[in-house]
Amino acid sequence: MTWSISSCFITLVVLFLWRIEDVAEACRCAPVHLQQAFCSADVVIRAKVVGVKAVSGNTNYDVQQIKMFKGPDRVIHTIFTSSSSASCGVTLELTKEYLFTGRMNTDGRMRIVMCDFIQYWEDLNHTQRKSLTQRYQSGCDCTIIRCSSLPCPVSAPDECLWTDWLLADGQSGPQAKYSACLKRSDGSCAWYREMAPSRK
C-alpha cells in the first residue's frame, strides 16, 4: 500500500514537472529575419503605444499608427495580445514607438505574439526602415534559411542562407541589418546589401 502511494505521488510529480516544462517551452520562437517577418505577416506598422487595458485574458494596447507598411486599408487603433507570457503574450512600454508585425483575426482585430517581429523603431537602422517600403516585399518569393552551424546546404535556388547566426548574435549581423534576399533575373535568389551612413 505504501509503495502504491509513493508510486502514485512520484507519477504526479513527474506529470506536474512535465506540464511546467511544456508551458515554459510554449513560446520558444525561432529567430526570424525582418524580411521573413514582413512577408509572413498580415500587418506591418510603425506605431506608438498610448494606452493599455486588460480585457478577458487579453491585454489591449491603444496605439497611434504612424505608418502602415503592409495590411488593410484602414488605421489600426488597438493591438491585442495575451495577458500571459506562457501564452506568448507581449509586454509593451507606453509612449514608445515600435515596428509591429502581426496577424489579423477573423474579427478584423490585429493580434501580436512573442514570436512576431516587434522592435523599438529607434533600434532599426536606415536600411531596415527603407527596406520596409519596397525591398522586403519584392523578396517575398524567396526563402531565408537560418544557418546556425556548418555545413548549411542550400537545397533550392530560391533560398538564401542567413549565416549571421554563426556569430554570437545573428540579429546584429550584416545580413539582418543591411541585406535583403531578392530575386535575380534568372529566378534564383541572393543577398543584396545596402549600406547607409546614418539613421533617420
Side-chain angles (χ1 to χ4, degrees), residues 18 21-46 67 69-71 81-82 85-92 97-104 110-200:
W18 174 80
E21 183 179 357
D22 185 55
V23 170
E25 292 183 354
C27 278
R28 285 192 174 180
C29 307
V32 293
H33 191 280
L34 178 51
Q35 178 179 324
Q36 289 174 290
F38 178 96
C39 293
S40 63
D42 297 326
V43 186
V44 182
I45 61 172
R46 174 188 176 186
K67 185 173 180 63
F69 298 102
K70 180 182 179 182
T81 190
S82 171
S85 59
S87 299
C88 299
V90 181
T91 301
L92 305 173
E97 285 186 26
Y98 292 86
L99 175 72
F100 294 102
T101 69
R103 298 286 181 186
M104 292 298 293
M110 182 178 176
R111 177 172 290 276
I112 58 172
V113 295
M114 202 177 295
C115 297
D116 290 319
F117 194 101
I118 301 164
Q119 190 162 328
Y120 294 121
W121 180 257
E122 64 183 14
D123 290 343
L124 298 175
N125 64 40
H126 175 85
T127 301
Q128 290 172 310
R129 297 180 187 188
K130 182 178 177 181
S131 296
L132 287 165
T133 61
Q134 184 177 1
R135 295 179 84 218
Y136 292 150
Q137 181 66 56
S138 65
C140 285
D141 289 335
C142 297
T143 301
I144 297 174
I145 305 296
R146 183 170 64 95
C147 174
S148 56
S149 62
L150 295 174
C152 294
V154 173
S155 59
D158 65 348
E159 294 179 350
C160 291
L161 279 183
W162 185 14
T163 57
D164 286 341
W165 286 95
L166 297 174
L167 307 173
D169 182 5
Q171 294 288 10
S172 298
Q175 289 172 331
K177 297 178 76 68
Y178 301 109
S179 301
C181 178
L182 306 175
K183 284 274 190 183
R184 292 169 164 164
S185 57
D186 62 1
S188 64
C189 294
W191 289 109
Y192 286 83
R193 181 183 174 96
E194 178 181 331
M195 295 296 295
S198 61
R199 302 198 307 185
K200 295 182 180 179

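Just the heavy atoms: all of them, side chains too, but no hydrogens, waters or symmetry mates, feed the values below. One is the number of the first residue; the rest follow in order along the sequence.
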Rounded to the nearest 0.5 Å, what separation is found between the [atom1] atom of [X] and the [atom2] atom of [Y]?
X: C181; Y: L161; atom1: SG; atom2: CG; result: 9.5 Å
X: H33; Y: K177; atom1: NE2; atom2: NZ; result: 11.0 Å
X: Y98; Y: D123; atom1: OH; atom2: CG; result: 10.0 Å
X: C140; Y: Q36; atom1: SG; atom2: CD; result: 10.5 Å
X: F100; Y: R46; atom1: CZ; atom2: CZ; result: 12.0 Å

Under 2.5 Å between SG of C142 and C160:
no
Let's test your reading of the model: do C115 and C29 have SG atoms under 2.5 angstrom apart?
yes
Pairs satisfying side-chain hydrogen bond (donor to acceptor under 3.5 Å, both in side chains), at least one member in residues 139-159, at least two apart
S155-E159
Which residues pass the side chain to side chain contact (heavy atoms under 4.5 Å, CB included) test with S82, sequence neighbours left out?
S84, S87
With sequence neighbours left out, write down each residue that passes side chain to side chain contact (heavy atoms under 4.5 Å, CB included) with S138, or none if nothing qualifies.
L182
Name the orientation class of the two ring planes belonging to F38 and Y136 (parallel below 30°, tilted from 30 to 60°, perpendicular beyond 60°).
tilted
Evaluation steps, side chain to side chain contact (heavy atoms under 4.5 Å, CB included), between Q35 and F117
CA-CA 10 Å; Q35 178 179 324; F117 194 101; over 6 Å; no
Considering all heavy atoms of both residues, which atom of [X] and which atom of [Y] are nearest to each other, and what is their separation?
X: S188; Y: D186; result: OG-OD1, 2.6 Å
X: M110; Y: I112; result: CE-CG2, 4.1 Å
X: F69; Y: L132; result: CD2-CB, 3.7 Å
X: A176; Y: D164; result: N-OD2, 2.7 Å
X: R193; Y: P174; result: NH1-CB, 2.8 Å

Take a 6.0 Å sphere around NZ of K183 and say whether it holds more than 12 heavy atoms from other residues, nucleotides or ligands.
yes
Listed partners of [X] passing side-chain hydrogen bond (donor to acceptor under 3.5 Å, both in side chains), at least two apart:
X: Q137; result: none
X: S131; result: R135
X: K67; result: none

Report the residue from M104, K70, R111 that forms a side chain to side chain contact (heavy atoms under 4.5 Å, CB included) with D42.
M104
From the list L99, L92, V113, side chain to side chain contact (heavy atoms under 4.5 Å, CB included) partner of I118 resolves to L92
Tell me, do I144 and W191 make a side-chain contact under 4.5 Å, heavy atoms counted?
yes
